[in-house]
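Following: one structure in structure tokens, then a few remarks.
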Amino acid sequence: MSAHAKKTPGTRPQPRTPGARNPGSAQRARKARAAAPSTEAASKSEIARQLRAQLAALTGGLAPDDYLKAWWEWYLKLATQPPRQAQLAHSAYEKTLDSLQFMTRAAGGAPLAPGHEELGFTDAAWNVWPFNAYARAYGNWASWWKQALTPAAAAADPALSRVNFAGRLLLEAASPANFLYTNPELLERTAAESGQNLIRGLKNWLEDAQRVVRGGRVAGTEHFEVGKDVAVTPGKVVFRNRLIELLQYAPQTPEAYAEPILITPAWIMKYYILDLSPRNSLVRYLVEQGHTVFMISWKNPDAADRELGLDDYLQLGFLDALAEVRRLIPRQKVHAVGYCIGGTLLAIAAAALAGAGDEPFASLTLLAAQTDFSEPGELSVFITPNQVAMLEAMMHKSGVLESERMGAAFALLRSRDLLWGPAVDQYVRGERPKLNDLMAWNADGTRMPWRMHSEYLERLYLRNELARGEFTVKGEPVELSALGAPLFVVGTETDHVAPWRSVYKLRSLTRSPDYTFLLTSGGHNAGIVSGPVHPKRRHRLLTWSNAAETLTPDEWLKRAPQREGSWWPAWQRWLIEHSSARREPARSVDAGGGPSATLEDAPGSYVRQ
């Protein structure tokens, strides 16, 4: 039968050999089967991420399994230490007996022992029964839990640190000072005002609840308008890209030092923390001393900026700003200043440039900035693989980390002062706090792009790549040992964001032969923003010029003499020593020429977002 003969009706067709007439179909099938596992894995990963995001919405971004595991480890260790069990049992018996014995004397008005002021029992009304009994029992209970949760090994055990953090949160939440019927001050206030304080408190609570739902400014911040009350140092926006505005400030002296100052603030905060009111504006202080000052103002990112990463903050942020400063003021080296994360970014950029043979800096100043994250201090309770995964899931869903999330985390670290105390004042006493410029700035938060914040936490905090020499820029490793410019590093005594001993570690990572470390009183923000004159500030300073000489933090503390007053004048003297002896006519803001020199007046547009 011919191959071209027609098929007989009803004839059953022969089965086709797979791929016999269409070889491509088999190849596509094989590719589909090979791709199926990766697609399935990606789908499972996305489901897991969504579940973590939902859990994070309930827990405020905290990973509950980390804390459950930490409590379990604490219990297991305690179960294997009979002497420790006996010690805690004996301590519990003594403190319980003390509470009962004091209760029998409390009706006679027995005063509280010294030390209860630290727990918030400062008013004389706490010495009256039954409130003195409440305070004494709470103090004993808190003291026992502190003893149980912070044994000597806690500093070296992250799990015990998390147990201590969680236990402290519970203790501070349970303080009798937080409740109307156990706080004699609140009862007296309520009786004196016939309950009007409670009505004002309810009104305050409703206003805050509406603000959370609808958005809006925190009550009291309307008195600190950007460009009118704060951030008022005259200047111009001389450069703008999708991530930053570069501000150049108008000169305040006939002559100026040749080397300009470029300040890189943290992008987790608005830049004007360094340009608050004229009395405590670091920018104003510098221009009044004859410096030409440039400031980076970061854009407040939104969901469209979710893919901005650390490399973008390096290039679009610092490097673009540096290039513009060098264009406007050519043939001069730059005094570069970095604050908080901005200081970390500055260290990365300076090391990368030095590794490439470019050293454009007259000096580097790092303010409360970490480069070695092996001991991040109290923030370590929030930085674990599980916690970072929770934050990453939250950010991936919205594209950014809202400023309220970060503010809440910092508040938990100081819950008595930043959470419970303000809540009692506003919602029970009915008193709104009278904000100062720093408090108003603190309420003006910024968002974090998903990719950048994930990279920052994973690469710097979790893996500590920068200190280990494993951080790369454009595929090239960044070595902090390449930093050879004079360094001025500032730490603050009570910093819970960048502990000063962690900030100090840069000394062992750099080869700079001209190194100064200064330790000032105060915290992460108030210690830096001290103003040129501050009656409550003190500082220690030590400079050494031998790159091979290192001191431990404790050795440095013993050797550095303490001085009264703000650290600003000491830094100013150091800047002058590292600037050209000659002084030049002060450059006008538009000295660089061109349209980019006059985009708009400072403080610009990005800071108002």
Side-chain angles (χ1 to χ4, degrees), residues 225-228 230-251 260-275 281-284 286-287 291-330 332 334-342 345-346 348-349 353 360 399-400 403 441 444-449 451-453 587-609:
E225 184 179 341
V226 174
K228 180 180 178 182
V230 293
V232 296
T233 304
K236 296 284 186 179
V237 177
V238 297
F239 174 78
R240 179 186 291 129
N241 62 24
R242 66 167 296 193
L243 187 57
I244 68 164
E245 290 178 335
L246 181 65
L247 312 181
Q248 180 183 354
Y249 291 94
I261 295 176
L262 172 60
I263 302 177
T264 306
W267 52 88
I268 65 172
M269 58 179 74
K270 298 290 182 69
Y271 86 85
Y272 68 90
I273 186 175
L274 299 176
D275 186 25
S281 167
L282 181 63
V283 170
R284 180 176 290 270
L286 290 172
V287 293
H291 296 283
T292 302
V293 179
F294 293 84
M295 172 75 75
I296 292 175
S297 175
W298 300 99
K299 177 186 178 184
N300 195 3
D302 53 30
D305 302 307
R306 61 181 300 130
E307 293 297 334
L308 288 174
L310 273 176
D311 50 349
D312 297 304
Y313 274 75
L314 181 64
Q315 181 61 58
L316 298 175
F318 178 79
L319 293 178
D320 277 8
L322 176 64
E324 184 65 13
V325 171
R326 296 174 81 179
R327 184 187 74 82
L328 293 173
I329 305 182
Q332 295 294 345
V334 177
H335 291 299
V337 182
Y339 182 21
C340 189
I341 301 177
L345 188 74
L346 169 59
I348 293 171
L353 290 172
V400 293
S403 61
W441 162 86
D444 189 9
T446 57
R447 297 176 290 270
M448 300 290 106
R451 182 182 162 207
M452 181 284 301
H453 203 52
R587 297 172 181 266
S588 62
V589 173
D590 58 354
S596 66
T598 55
L599 291 176
E600 63 177 299
D601 290 337
S605 303
Y606 284 177
V607 73
R608 293 186 168 96
Q609 294 176 339

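Just so you know, residue 1 is the first one in the sequence shown, and it goes up from there.
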Interatomic distance, L328 atom CG to Q248 atom CD [nearest 0.5 angstrom] = 6.0 Å
task = Could you tell me whether the side chain of M269 reaches within less than 4.5 Å of the side chain of Y339, counting heavy atoms only?
result = yes
ask   = Is any side-chain heavy atom of L262 less than 4.5 Å from a side-chain heavy atom of L246?
value = yes
query = Hey, does P360 have a side-chain heavy atom less than 4.5 Å from the side chain of L353?
reply = yes
key: Shortest non-hydrogen contact from E324 toward V238   = OE2-O, 3.7 Å
request  = Check the pair W298 / T446 against side chain to side chain contact (heavy atoms under 4.5 Å, CB included), numbers first and verdict last.
outcome  = CA-CA 9 Å; W298 300 99; T446 57; over 6 Å; no
ask   = Can Y606 and N300 be said to form a side chain to side chain contact (heavy atoms under 4.5 Å, CB included), step by step?
value = CA-CA 7 Å; Y606 284 177; N300 195 3; over 6 Å; no
inquiry  = On a heavy-atom basis, which atom in R242 and which in A304 lie closest, and how many Å separate them?
reply    = NH2-O, 4.2 Å
key: Candidate pair F294 and I329, rule side chain to side chain contact (heavy atoms under 4.5 Å, CB included), full reasoning   = CA-CA 11 Å; F294 293 84; I329 305 182; 3.7 Å; yes
key: Shortest non-hydrogen contact from R284 toward P234   = NH2-CD, 4.2 Å
query = Do D275 and V230 come within less than 4.5 Å of each other through their side chains, counting heavy atoms only?
reply = no
remark   = Correct closest heavy-atom pair for R608 and G227 would be NH2-CA, 4.0 Å
inquiry  = Could you walk me through whether V226 and D444 satisfy the side chain to side chain contact (heavy atoms under 4.5 Å, CB included) test, starting with their C-alpha distance in whole Å, then the side-chain angles of each, then the deciding distance to 0.1 Å, before giving a yes or no?
reply    = CA-CA 10 Å; V226 174; D444 189 9; 4.3 Å; yes
message = With a 4.5 Å cut-off on side-chain heavy atoms, are E245 and R240 touching?
response = yes
inquiry  = Within the structure provided, determine whether I296 and P265 are in side-chain contact (heavy-atom separation under 4.5 Å).
reply    = yes
inquiry  = As an exercise, state the distance from CD1 of I273 to OG of S281, rounded to the nearest 0.5 Å.
reply    = 11.5 Å
ask   = When rounded to the nearest 0.5 angstrom, what distance separates NZ in K270 from OG in S297?
value = 8.5 Å
message = So, taking the atom named CZ in R306 and the one named NE2 in H453, what distance separates them when rounded to the nearest 0.5 Å?
response = 14.5 Å
request  = List the atom of A303, the atom of V400, and the distance in Å for their closest heavy-atom pair.
outcome  = N-CG1, 4.0 Å
task = Mind checking the CG-CG spacing from D320 to L314? Nearest 0.5 Å is all I need.
result = 9.5 Å
ask   = Do the side chains of I263 and L286 get nearer than 4.5 Å, heavy atoms only?
value = yes
request  = Report the distance from atom NZ of K236 to atom CG of L247, rounding to the nearest 0.5 Å.
outcome  = 12.0 Å
ask   = Which of parallel (below 30°), tilted (30 to 60°) and perpendicular (above 60°) describes Y313 and W267?
value = tilted
request  = Pick out which of D312, D311, L319 makes a side-chain contact (heavy atoms from CB on, under 4.5 Å) with Q315.
outcome  = L319
query = So, for I244 and G317, which heavy atoms are closest and what is the spacing to 0.1 Å?
reply = CD1-O, 3.4 Å
